[in-house]
Amino acid sequence: MNKINHCLYPVAGLGTRFLPITKSLPKELLPIIDKPLLQYAVEEAHLAGIMQMNMVVSDNKKAIQHYFSDPNPHAVDKLKKLTHLQQLMDDCDFHFVKQKEMRGLGDAILCGNEQIKKEEGAFAVILPDDLCAINTLKKMVELYQQHQCCIIAVEQVPASLVNRYGIVEVATKAIDERVYKVFNMVEKPPINEAKSDLAIIGRYILTTDIFDFIKKTKSGANQEIQITDALKMKAQRGEVIAYHLPNKRYDCGTPSGYVKAIKDYAAQLSN
Ligand code: G1P
(Lines give C-alpha, C1' and ligand atoms only; values in the text may rest on other atoms or scores of the structure.)
Protein backbone atom coordinates (compact mmCIF):
# COMPACT_ATOMS: atom_id res chain seq x y z
CA MET A 1 0.00 0.00 0.00
CA ASN A 2 2.88 2.35 0.77
CA LYS A 3 4.69 1.68 -2.45
CA ILE A 4 4.82 4.36 -5.11
CA ASN A 5 4.57 2.77 -8.55
CA HIS A 6 3.90 5.69 -10.88
CA CYS A 7 5.73 8.84 -11.83
CA LEU A 8 4.03 11.47 -13.97
CA TYR A 9 6.01 13.79 -16.24
CA PRO A 10 4.01 16.78 -17.53
CA VAL A 11 5.92 17.40 -20.76
CA ALA A 12 3.34 18.86 -23.11
CA GLY A 13 4.61 22.48 -22.85
CA LEU A 14 5.82 24.35 -25.90
CA GLY A 15 9.25 25.40 -24.63
CA THR A 16 8.96 28.90 -26.11
CA ARG A 17 11.94 30.16 -24.06
CA PHE A 18 14.15 27.86 -26.10
CA LEU A 19 12.91 28.70 -29.60
CA PRO A 20 14.00 28.09 -32.31
CA ILE A 21 15.45 24.70 -31.22
CA THR A 22 12.13 23.69 -29.59
CA LYS A 23 10.42 24.09 -32.97
CA SER A 24 11.40 20.49 -33.66
CA LEU A 25 13.11 19.28 -30.44
CA PRO A 26 11.02 19.00 -27.26
CA LYS A 27 12.69 21.05 -24.50
CA GLU A 28 12.72 17.96 -22.27
CA LEU A 29 15.18 16.37 -24.70
CA LEU A 30 17.64 19.25 -24.46
CA PRO A 31 20.88 17.64 -23.34
CA ILE A 32 23.06 18.31 -20.32
CA ILE A 33 26.24 17.40 -22.20
CA ASP A 34 25.04 14.14 -23.79
CA LYS A 35 21.95 13.11 -21.84
CA PRO A 36 18.48 14.68 -22.15
CA LEU A 37 16.92 16.39 -19.14
CA LEU A 38 14.07 13.88 -19.27
CA GLN A 39 16.43 10.93 -18.91
CA TYR A 40 17.88 12.48 -15.73
CA ALA A 41 14.30 12.68 -14.45
CA VAL A 42 13.50 9.06 -15.35
CA GLU A 43 16.74 7.88 -13.72
CA GLU A 44 15.77 9.74 -10.55
CA ALA A 45 12.36 8.01 -10.43
CA HIS A 46 13.94 4.63 -11.24
CA LEU A 47 16.36 5.06 -8.34
CA ALA A 48 13.32 5.73 -6.14
CA GLY A 49 11.97 2.28 -7.09
CA ILE A 50 9.37 3.57 -9.56
CA MET A 51 8.85 1.59 -12.77
CA GLN A 52 5.68 3.08 -14.31
CA MET A 53 6.62 6.22 -16.23
CA ASN A 54 3.69 8.30 -17.47
CA MET A 55 4.43 11.08 -19.90
CA VAL A 56 1.75 13.71 -20.45
CA VAL A 57 2.51 14.90 -23.96
CA SER A 58 1.15 17.06 -26.77
CA ASP A 59 1.11 16.31 -30.50
CA ASN A 60 4.54 17.78 -31.19
CA LYS A 61 6.34 15.49 -28.70
CA LYS A 62 6.74 12.36 -30.81
CA ALA A 63 10.51 12.50 -30.30
CA ILE A 64 9.99 11.72 -26.59
CA GLN A 65 8.07 8.54 -27.36
CA HIS A 66 10.71 7.64 -29.91
CA TYR A 67 13.53 8.21 -27.41
CA PHE A 68 12.08 5.85 -24.79
CA SER A 69 10.56 3.17 -26.98
CA ASP A 70 12.51 2.56 -30.12
CA PRO A 71 15.34 0.09 -30.26
CA ASN A 72 18.75 1.68 -30.25
CA PRO A 73 20.20 2.10 -33.70
CA HIS A 74 23.63 1.34 -32.20
CA ALA A 75 24.67 -2.02 -30.83
CA VAL A 76 24.14 -1.60 -27.10
CA ASP A 77 26.84 -4.01 -26.06
CA LYS A 78 29.40 -2.00 -28.00
CA LEU A 79 28.37 1.39 -26.64
CA LYS A 80 28.46 1.53 -22.87
CA LYS A 81 26.77 4.93 -22.94
CA LEU A 82 23.54 3.40 -24.23
CA THR A 83 23.31 0.51 -21.80
CA HIS A 84 21.85 2.62 -19.01
CA LEU A 85 19.06 3.87 -21.27
CA GLN A 86 18.44 0.31 -22.41
CA GLN A 87 18.26 -0.77 -18.76
CA LEU A 88 15.61 1.90 -18.07
CA MET A 89 13.63 0.71 -21.09
CA ASP A 90 13.87 -2.91 -19.93
CA ASP A 91 12.91 -2.17 -16.30
CA CYS A 92 10.17 0.42 -16.81
CA ASP A 93 6.88 0.74 -18.66
CA PHE A 94 6.44 3.99 -20.53
CA HIS A 95 2.92 5.30 -21.03
CA PHE A 96 2.00 8.33 -23.10
CA VAL A 97 -1.18 10.28 -22.55
CA LYS A 98 -2.16 13.34 -24.52
CA GLN A 99 -3.02 16.67 -22.92
CA LYS A 100 -5.54 18.03 -25.40
CA GLU A 101 -5.31 21.70 -24.43
CA MET A 102 -2.60 23.57 -22.51
CA ARG A 103 -4.74 24.36 -19.48
CA GLY A 104 -2.02 24.39 -16.81
CA LEU A 105 -0.03 22.02 -14.61
CA GLY A 106 -3.07 20.94 -12.59
CA ASP A 107 -4.85 19.96 -15.79
CA ALA A 108 -1.75 18.10 -17.04
CA ILE A 109 -1.59 16.12 -13.78
CA LEU A 110 -5.30 15.31 -14.08
CA CYS A 111 -4.49 13.56 -17.38
CA GLY A 112 -2.72 10.94 -15.21
CA ASN A 113 -6.10 9.95 -13.74
CA GLU A 114 -6.55 7.49 -16.64
CA GLN A 115 -3.43 5.53 -15.77
CA ILE A 116 -3.16 5.99 -11.99
CA LYS A 117 -5.96 4.39 -10.01
CA LYS A 118 -7.20 5.65 -6.64
CA GLU A 119 -6.09 2.41 -4.93
CA GLU A 120 -2.45 3.24 -5.71
CA GLY A 121 -2.54 5.62 -2.72
CA ALA A 122 -0.03 8.11 -4.11
CA PHE A 123 2.15 8.88 -7.12
CA ALA A 124 5.14 11.05 -7.94
CA VAL A 125 5.42 14.02 -10.30
CA ILE A 126 8.66 15.29 -11.79
CA LEU A 127 9.00 18.51 -13.77
CA PRO A 128 12.15 17.72 -15.77
CA ASP A 129 13.00 21.44 -16.13
CA ASP A 130 14.09 21.34 -12.51
CA LEU A 131 17.28 19.30 -12.49
CA CYS A 132 17.80 17.96 -8.95
CA ALA A 133 20.23 15.63 -7.21
CA ILE A 134 19.61 12.04 -8.36
CA ASN A 135 18.42 10.87 -4.91
CA THR A 136 15.81 13.62 -4.42
CA LEU A 137 12.70 11.60 -5.27
CA LYS A 138 14.02 8.57 -3.38
CA LYS A 139 14.19 10.68 -0.23
CA MET A 140 10.65 11.98 -0.85
CA VAL A 141 9.30 8.45 -1.33
CA GLU A 142 10.85 7.52 2.03
CA LEU A 143 9.17 10.55 3.61
CA TYR A 144 5.84 9.47 2.11
CA GLN A 145 6.24 6.04 3.66
CA GLN A 146 6.67 7.73 7.03
CA HIS A 147 4.13 10.56 6.79
CA GLN A 148 1.49 9.28 4.30
CA CYS A 149 0.52 12.66 2.89
CA CYS A 150 1.30 14.98 -0.03
CA ILE A 151 4.94 16.13 -0.18
CA ILE A 152 6.40 19.02 -2.13
CA ALA A 153 10.05 19.92 -2.60
CA VAL A 154 10.90 23.52 -1.71
CA GLU A 155 13.91 25.80 -1.89
CA GLN A 156 14.64 29.40 -0.94
CA VAL A 157 14.71 31.72 -3.96
CA PRO A 158 15.78 35.37 -4.27
CA ALA A 159 12.90 37.72 -3.34
CA SER A 160 12.97 39.11 -6.89
CA LEU A 161 12.00 35.70 -8.32
CA VAL A 162 9.05 34.72 -6.10
CA ASN A 163 6.58 35.66 -8.84
CA ARG A 164 7.86 32.76 -10.98
CA TYR A 165 7.02 30.04 -8.46
CA GLY A 166 4.43 28.52 -6.17
CA ILE A 167 5.29 30.10 -2.80
CA VAL A 168 4.57 28.25 0.45
CA GLU A 169 4.09 29.23 4.07
CA VAL A 170 5.31 26.60 6.50
CA ALA A 171 5.32 26.09 10.24
CA THR A 172 8.54 27.33 11.84
CA LYS A 173 9.24 24.12 13.73
CA ALA A 174 10.49 21.18 11.65
CA ILE A 175 8.63 17.88 12.05
CA ASP A 176 11.59 15.91 10.73
CA GLU A 177 15.01 16.86 9.35
CA ARG A 178 14.32 19.53 6.66
CA VAL A 179 10.59 18.68 6.75
CA TYR A 180 7.87 21.23 7.61
CA LYS A 181 4.11 21.27 7.71
CA VAL A 182 2.66 23.52 4.98
CA PHE A 183 -0.32 25.67 5.86
CA ASN A 184 -0.71 27.87 2.79
CA MET A 185 0.55 28.32 -0.74
CA VAL A 186 0.05 30.78 -3.58
CA GLU A 187 0.94 30.35 -7.25
CA LYS A 188 3.19 33.09 -8.65
CA PRO A 189 2.33 35.85 -6.16
CA PRO A 190 3.26 39.45 -7.05
CA ILE A 191 6.63 40.23 -5.40
CA ASN A 192 5.11 42.65 -2.86
CA GLU A 193 2.44 40.15 -1.79
CA ALA A 194 4.61 37.04 -1.27
CA LYS A 195 4.46 35.79 2.32
CA SER A 196 7.78 33.94 2.09
CA ASP A 197 10.67 33.14 -0.24
CA LEU A 198 10.19 29.36 -0.09
CA ALA A 199 9.42 28.18 -3.61
CA ILE A 200 7.94 24.90 -4.82
CA ILE A 201 10.44 22.96 -6.93
CA GLY A 202 9.27 20.42 -9.52
CA ARG A 203 9.11 17.29 -7.33
CA TYR A 204 5.82 16.18 -5.80
CA ILE A 205 4.38 13.13 -4.09
CA LEU A 206 0.60 13.42 -4.43
CA THR A 207 -2.01 11.24 -2.77
CA THR A 208 -4.49 10.05 -5.40
CA ASP A 209 -7.37 12.04 -3.89
CA ILE A 210 -5.61 15.05 -5.46
CA PHE A 211 -7.52 14.23 -8.68
CA ASP A 212 -10.81 15.10 -6.92
CA PHE A 213 -9.29 18.35 -5.64
CA ILE A 214 -8.02 19.30 -9.11
CA LYS A 215 -11.52 18.73 -10.52
CA LYS A 216 -12.78 21.29 -7.98
CA THR A 217 -10.03 23.81 -8.82
CA LYS A 218 -10.94 26.92 -10.82
CA SER A 219 -8.56 28.74 -13.18
CA GLY A 220 -5.91 30.64 -11.24
CA ALA A 221 -2.61 32.33 -12.14
CA ASN A 222 -2.23 32.79 -15.92
CA GLN A 223 -5.86 31.62 -16.27
CA GLU A 224 -4.64 28.06 -15.83
CA ILE A 225 -5.66 25.17 -13.56
CA GLN A 226 -2.83 25.24 -11.02
CA ILE A 227 -1.73 22.23 -8.98
CA THR A 228 -0.74 24.77 -6.29
CA ASP A 229 -4.41 25.78 -5.88
CA ALA A 230 -5.51 22.13 -5.54
CA LEU A 231 -2.71 21.46 -3.04
CA LYS A 232 -3.66 24.57 -1.07
CA MET A 233 -6.98 22.89 -0.19
CA LYS A 234 -5.05 19.86 1.06
CA ALA A 235 -2.61 22.08 3.00
CA GLN A 236 -5.50 23.78 4.78
CA ARG A 237 -6.53 20.33 6.04
CA GLY A 238 -2.98 19.70 7.28
CA GLU A 239 -2.27 17.13 4.55
CA VAL A 240 0.84 18.61 2.89
CA ILE A 241 4.46 18.68 4.03
CA ALA A 242 7.44 20.42 2.45
CA TYR A 243 10.88 18.89 2.01
CA HIS A 244 13.53 21.61 1.98
CA LEU A 245 16.03 20.40 -0.64
CA PRO A 246 19.53 19.94 0.77
CA ASN A 247 21.24 20.08 -2.65
CA LYS A 248 21.55 22.58 -5.43
CA ARG A 249 18.96 22.37 -8.20
CA TYR A 250 19.12 23.92 -11.63
CA ASP A 251 16.24 25.75 -13.26
CA CYS A 252 16.76 24.38 -16.76
CA GLY A 253 13.53 26.03 -17.88
CA THR A 254 15.55 29.21 -18.40
CA PRO A 255 18.58 29.52 -20.68
CA SER A 256 20.77 30.87 -17.84
CA GLY A 257 19.87 28.00 -15.46
CA TYR A 258 20.39 25.50 -18.25
CA VAL A 259 23.84 26.86 -19.06
CA LYS A 260 24.77 26.80 -15.35
CA ALA A 261 23.81 23.12 -15.18
CA ILE A 262 25.91 22.28 -18.24
CA LYS A 263 28.92 24.15 -16.82
CA ASP A 264 28.71 22.39 -13.44
CA TYR A 265 28.13 18.92 -14.95
CA ALA A 266 30.99 19.50 -17.40
CA ALA A 267 33.28 20.50 -14.52
CA GLN A 268 32.46 17.22 -12.77
CA LEU A 269 33.36 15.28 -15.93
CA SER A 270 36.80 16.79 -16.24
CA ASN A 271 37.62 16.28 -12.55
C1 G1P B 1 5.43 25.14 -11.92
C2 G1P B 1 4.51 25.24 -10.70
C3 G1P B 1 5.12 26.15 -9.64
C4 G1P B 1 6.51 25.66 -9.28
C5 G1P B 1 7.39 25.53 -10.55
C6 G1P B 1 8.71 24.85 -10.22
O7 G1P B 1 5.46 26.42 -12.53
O8 G1P B 1 3.24 25.73 -11.11
O9 G1P B 1 4.31 26.16 -8.49
O10 G1P B 1 7.10 26.57 -8.37
O11 G1P B 1 6.73 24.73 -11.55
O12 G1P B 1 9.55 24.82 -11.33
P13 G1P B 1 5.99 26.62 -14.05
O14 G1P B 1 7.47 26.59 -13.99
O15 G1P B 1 5.42 25.50 -14.85
O16 G1P B 1 5.47 27.97 -14.47
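As the structure lists them, so they are numbered: ligands from 1, and atoms in each ligand from 1. We number each residue from 1, following the sequence as shown. Keep in mind it's a predicted model, so treat the numbers as computed, not measured.
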Asp129: heavy atom below 4.0 Å from ligand 1, yes or no? no
Residue pairs passing the ring-ring contact (aromatic ring centres under 6.0 Å, His included) test with at least one member in residues 149-176, sequence neighbours excluded, are none
Open item on the list: Between Ser69 (side chain only) and Gln65 (backbone N and O only), is there a donor and an acceptor less than 3.5 Å apart?
Closed with: yes
Among Arg249, Arg164, Lys188, closest by heavy atom to atom 7 (O) of ligand 1 is Lys188
Practice problem: Flag atom 12 (O) of ligand 1 as yes if some protein heavy-atom distance to it falls below 4.0 Å, otherwise no. | Solution: yes
Taking only non-hydrogen atoms of Tyr165 and a 4.0 Å limit, the atoms of ligand 1 in range are 10 (O)
Within the 4.0 Å heavy-atom cut-off, what Leu127 brings close to ligand 1 is side chain
_Can a donor-acceptor pair be found, under 3.5 Å and without considering hydrogens, that links the side chain of Lys61 to the backbone of Gly13?_
yes
Task: Test item: Asp130 side-chain N/O and Gly202 main-chain N/O as donor-acceptor pair under 3.5 Å - done: yes
So the atoms of ligand 1 within less than 4.0 Å of a heavy atom of Asp130 turn out to be 6 (C), 12 (O)
Requested in this report: Determine, using heavy atoms of Met185 and all atoms of ligand 1, whether some pair is separated by less than 4.0 Å.
Outcome: no
message = Would you call the rings of His95 and His6 parallel, tilted or perpendicular, taking 30° and 60° as the class edges?
response = tilted
Checking heavy atoms under 4.0 Å, the part of Ile200 that sits near ligand 1 is both
Atom pairs and distances, donor-acceptor, side-chain atoms in residues 220-228, under 3.5 Å, two or more places apart:
from: Gln226; atom 1: NE2; to: Ala221; atom 2: O; distance (Å): 2.9
from: Thr228; atom 1: OG1; to: Glu187; atom 2: OE1; distance (Å): 2.5

Sub-3.5 Å donor-acceptor pair from the side chain of Ser196 to the main-chain atoms of Val168, do we have one?
yes
Here the atoms of ligand 1 under 4.0 Å from any heavy atom belonging to Thr228 are 9 (O)
Within 4.0 Å of some non-hydrogen atom of Gln226, the atoms of ligand 1 are 8 (O)
Quick check against the 3.5 Å criterion: does Thr254 have a side-chain atom that pairs as donor or acceptor with the backbone of Gly257?
yes
Fill in: ligand 1 to Glu187 polar contact by distance, N or O atoms, under 3.5 Å
yes
